[in-house]
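Model, not experiment: these values are computed from the prediction. Letters A, B, ... are given to chains in the order of the sequence lines, protein chains preceding strands, and every chain is numbered from 1.
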Protein chains: 2
Amino acid sequence: MTSRILDRADLDFLLHDWLRVGDLLDRAPFAEHDRETIDAVLDLAEQIATERFEPHNRAADLAEPHQGPDGRVVLVDGVREAIEAFAEAGFIAASVPAEHGGTGLPFTVARAALAWFQAANIGTASYPFLTTAAVNLLLAHGTPEQVEAWVPGMLEGRTSGTMCLSEPQAGSSLADITTRAEPQDDGSYRVIGTKMWISGGEHELTDNIVHLVLAKIPGGPAGVKGISLIAVPRYLDDGTHNDVALAGLNHKMGYRGTVNTLLNFGEREGAVGWLVGAEHGGLTAMFHMMNEARVGVGMGATALGVTGYLHSLEYALTRTQGRAVGGRDVSTPMIPIARHPDVRRMLLAQKSYAEAGMALGLYCSRLVDEKDTHPDDGARAQAALLLDVLTPIAKSWPSQWCLAANDLAIQVLGGSGYTRDFPVEQFYRDNRLNPIHEGTHGIQAIDLLGRKAVMRGGAGLELLLGTVRATIDRAGEHAEHAAALEAALVRIEKTTATLHATGDPDVTLANASVYLEAVGHVVAAWIWLEQLVVLGSRDDAFATGKRAAARYFYRFELPRTGPWFDLLDSLDTTTLEWDPS
Amino acid sequence: MTSRILDRADLDFLLHDWLRVGDLLDRAPFAEHDRETIDAVLDLAEQIATERFEPHNRAADLAEPHQGPDGRVVLVDGVREAIEAFAEAGFIAASVPAEHGGTGLPFTVARAALAWFQAANIGTASYPFLTTAAVNLLLAHGTPEQVEAWVPGMLEGRTSGTMCLSEPQAGSSLADITTRAEPQDDGSYRVIGTKMWISGGEHELTDNIVHLVLAKIPGGPAGVKGISLIAVPRYLDDGTHNDVALAGLNHKMGYRGTVNTLLNFGEREGAVGWLVGAEHGGLTAMFHMMNEARVGVGMGATALGVTGYLHSLEYALTRTQGRAVGGRDVSTPMIPIARHPDVRRMLLAQKSYAEAGMALGLYCSRLVDEKDTHPDDGARAQAALLLDVLTPIAKSWPSQWCLAANDLAIQVLGGSGYTRDFPVEQFYRDNRLNPIHEGTHGIQAIDLLGRKAVMRGGAGLELLLGTVRATIDRAGEHAEHAAALEAALVRIEKTTATLHATGDPDVTLANASVYLEAVGHVVAAWIWLEQLVVLGSRDDAFATGKRAAARYFYRFELPRTGPWFDLLDSLDTTTLEWDPS
């Protein structure tokens, strides 16, 4: 049977036919790999996701992490084994260069492989994903000693990592964090403060946990310019428990397999830590990895969207109910619900969201590879610029629409979809986190409209539009779609200019979320046109399905943007003028 | 403190200023009541909802119904006491005529009162609501002996009722039910079959449960014309347990306080039951109550939307985070998040959905009163016709948009909203049932476009449009909104005609859901204009808030319908042509 976790045929199409990841293999960092190793990596990801991650996905949801009698965090059976298999197969180190002990895969391939784990069990996948993020941060900003101390254990799955940013009084507002790091004579720091929403903050899955903590070194600048990054291991080298205490677990609607904690640093004498990167350079270091992290959130949302689609598709093809329009003869057999147009609408909508999310996420991952490994300086800079512009969209668009896809997956299953006998309700609950973490929808909107759309005199947005127009130029027989897309680009240009011409930042940004959603839908339409162009005259069920989803998107979805642009062009101030207090 | 369950000021505005329920009190059935009794009923509903229903709402979610060691269904503490208080206060009988032992309130007032319980604890509210439905059905179709046997116990809360329609192989397709009712010489029937998704199907809250079961009497017509309604009590008069067995409990994502069961009738010798209403007239009897039941679902969705709005509003007014646009001085205090435009957008959207849902539900309830008690035959018929047309909208529109409201409530709270420390995530999970039960979204869409929009030569739709135009005529200073609404009405007329001119029912109905959503949004816009007209020149915080929500709806929401009508007018066949198999 074909997997219901992800659609391998789609991944192969996107990676090879579209993104031509094979071309990357000529570059030095990837020279050890070829098409066979890429296939083998994807095979292995599917196998481990299927055998080790998916089986305990529901169990981890039902028995969320809790503290046992000894205060230790208890997880369900299977999590440790899954993470061990993941680490052994080299996935923690999938895109880490070989010189650091990694597998050295192109980021694009690694991301595609990792999506299997997000779709199979996003709660368990979070643990090693956090560790990979810590590895990347340490490799980029740590001292050689720090790398040596922690990275090998991380790559082997013996040590895990966390990111400690938020605090109870400062969620999205990092400028207001109050955790402090006091320098000591021996060069170390003592960290004192409380960190909130820390995923993987405490567990017994690994021998040690290294917390990467944003804190303020006394005497530094106010606000975000005075934030430093401090590495605080749970256990010190001599085996003593550092002054980090679990202050509570968060009980969530979904994503329940991932333990989420409130941590107190320095309840006693101060938690021992070491500066990573420059003093007061913590936010820069952390945000160095932000594009990849945000694309990763979008990919998680997408993975849940795809698996929800595949589950509901299978259900719709096998569950019979009712008859075709006008068919009232109950002596005739009932038909599969996939033959009802409204069910097809819900399936096509899911497909159009989820496969666009996957394509967008992998496209952005390809840009990561370009910015990191393209031989030409200019090409690297261009890729970095385009990635900057696309990141808030690659994070938010799938978080919104693949959640909508999961909602439709439930609806396809009807009452059954609302029960825990089927997994779609869990996908929906799990996915609801994605518009919140790693910068909320509203934060991404301000990032796109307030920063990315105008940075470098608008060069980033111009690059995006030029890239889309290059696709339009190759649209060939898809002239109708190309024309609709070109019209939408003109609207983006006009609307962006109108919003930034107000001279009043409040008015410019009042409806930033609508802007994000409008540009996001246009980008998704572009992604669909790209896929149509690559399909060319291919004529099989795969191509037919893609064309149907693309047609759905152009007829049902892209037109939604018209009223959104109208609203933005009107400089509407409804939200500014209403005082709810 | 003002309640976060519902907004009493809004109810008073809708009931008195807008719907003038006082005018109903001149009619004989309601002559015993006056403004004071209406106020007292609403006060009492708020009090019991606050003191008896809300306190165990989360507990019932966390410890869902399960079978104890003796096989009996175990519910959390507080459910029984809540239902007893509800029954004692007369709410099971709220709109039952006094001659039958009821309170005899106008349906409009009863619905407003009942919304308090849906908002406070929709899971517990379901039990007595089901009983009320059974009472109404028995009063309309039962014999005097049946009424005497069961109704008094139901009104006192000693007996409860269920509706047993679906079967495992026949969810939305009642024509395909196979449960049979075999006539006995003594006039009774023996019922044999399995019923699925039966809410309140087994519990120890009441001394007895009367199941109202759709079944086929052998030899009757095929399909829906051969369905009869049989009353099957859990316990027979001699105290023996009837042949009804609990075959399993459904474990749901939300609405977990309501036990939902799979029931086997006649595992042994056949369950003893009695025919209610005419032989083969079961579906007619059941659907006699359908408009009220579907409006009730919409009201449940609305109640959850309102309470989610009120909870997120309170959070947004008290939680501080960040500073106004451009404010980077961390020495200044953080501002309440309600001052961020994007948070206001999310609050206004919720308000515009939830308050429109409440107004629409009460408007439809007023139509129930009109059709039942208006002294003029023609007026009664008109009210019934308008109610018929509005019912699929009153069911589906709040189910869709008040769920969207709950999604926004979570987003306003951010990470906190995603935890079980706050109730908004439960509202969201509970509300997700509403687009499914009592006829899915897709079923309502076919009902509206395929039946209601064209019944009696389109008289129902014409009446709806005429009613809206009467509001437009009174729009006064709201000319801009009136013009937008009139334009939308013209689109409804054109689109309806275009869809029904195809001559191909498949094409007509292919995108029925889009039609339902488009007409629903226009109806909501009308409801907002109605409220503006009634507000007149009122100038206080209540009126200002209403005007902001109305403005939001006309600027952000009504324009969404343009592309939906465009799609419908194009007779798009994307969903018909794609074969997903």
Q. Can you say whether B/Arg319 sits under 4.5 Å from chain A via the side chain, the backbone, both, or neither, judging by heavy atoms?
A. side chain
Q. Which bit of B/Arg547 comes within less than 4.5 Å of chain A, counting heavy atoms only: side chain, backbone, both or neither?
A. neither
Q: Would you mind checking which part of B/Leu313 comes under 4.5 Å of any heavy atom in chain A, side chain (CB onward), backbone (N, CA, C, O), both or neither?
A: side chain
Q | No-hydrogen, no-angle side-chain donor-acceptor test under 3.5 Å, A/Thr575 and B/Arg345 | A | no
Q) Using non-hydrogen atoms only, which part of B/His441 is less than 4.5 Å away from chain A: side chain, backbone, both, or neither? A) both
Q: Check whether B/Trp578 gets within reach of chain A through its side chain, its backbone, both or neither, counting any heavy atom under 4.5 Å.
A: both
Q) When you measure from the side chain of A/Arg560 to the backbone N and O of B/Pro563, does any donor-acceptor pair fall under 3.5 Å? A) no
Q.
Which atoms of B/Val224 are under 4.5 Å from chain A, going by heavy atoms: the side chain, the backbone, both sets, or neither?
A. neither
Q: Identify which part of B/Ile410 has an atom lying under 4.5 Å from any heavy atom of chain A, answering side chain, backbone, both or neither.
A: both
Q) Side chain, backbone, both or neither: which part of B/Ser166 has an atom under 4.5 Å from a heavy atom of chain A? A) neither
(Q) Within the supplied structure, the quantity of interest is the number of heavy atoms (other residues, nucleotides, ligands) at a distance under 6.0 Å from B/Glu577 CD; does it exceed 12? (A) yes
Q. Using non-hydrogen atoms only, which part of B/Met334 is less than 4.5 Å away from chain A: side chain, backbone, both, or neither?
A. side chain
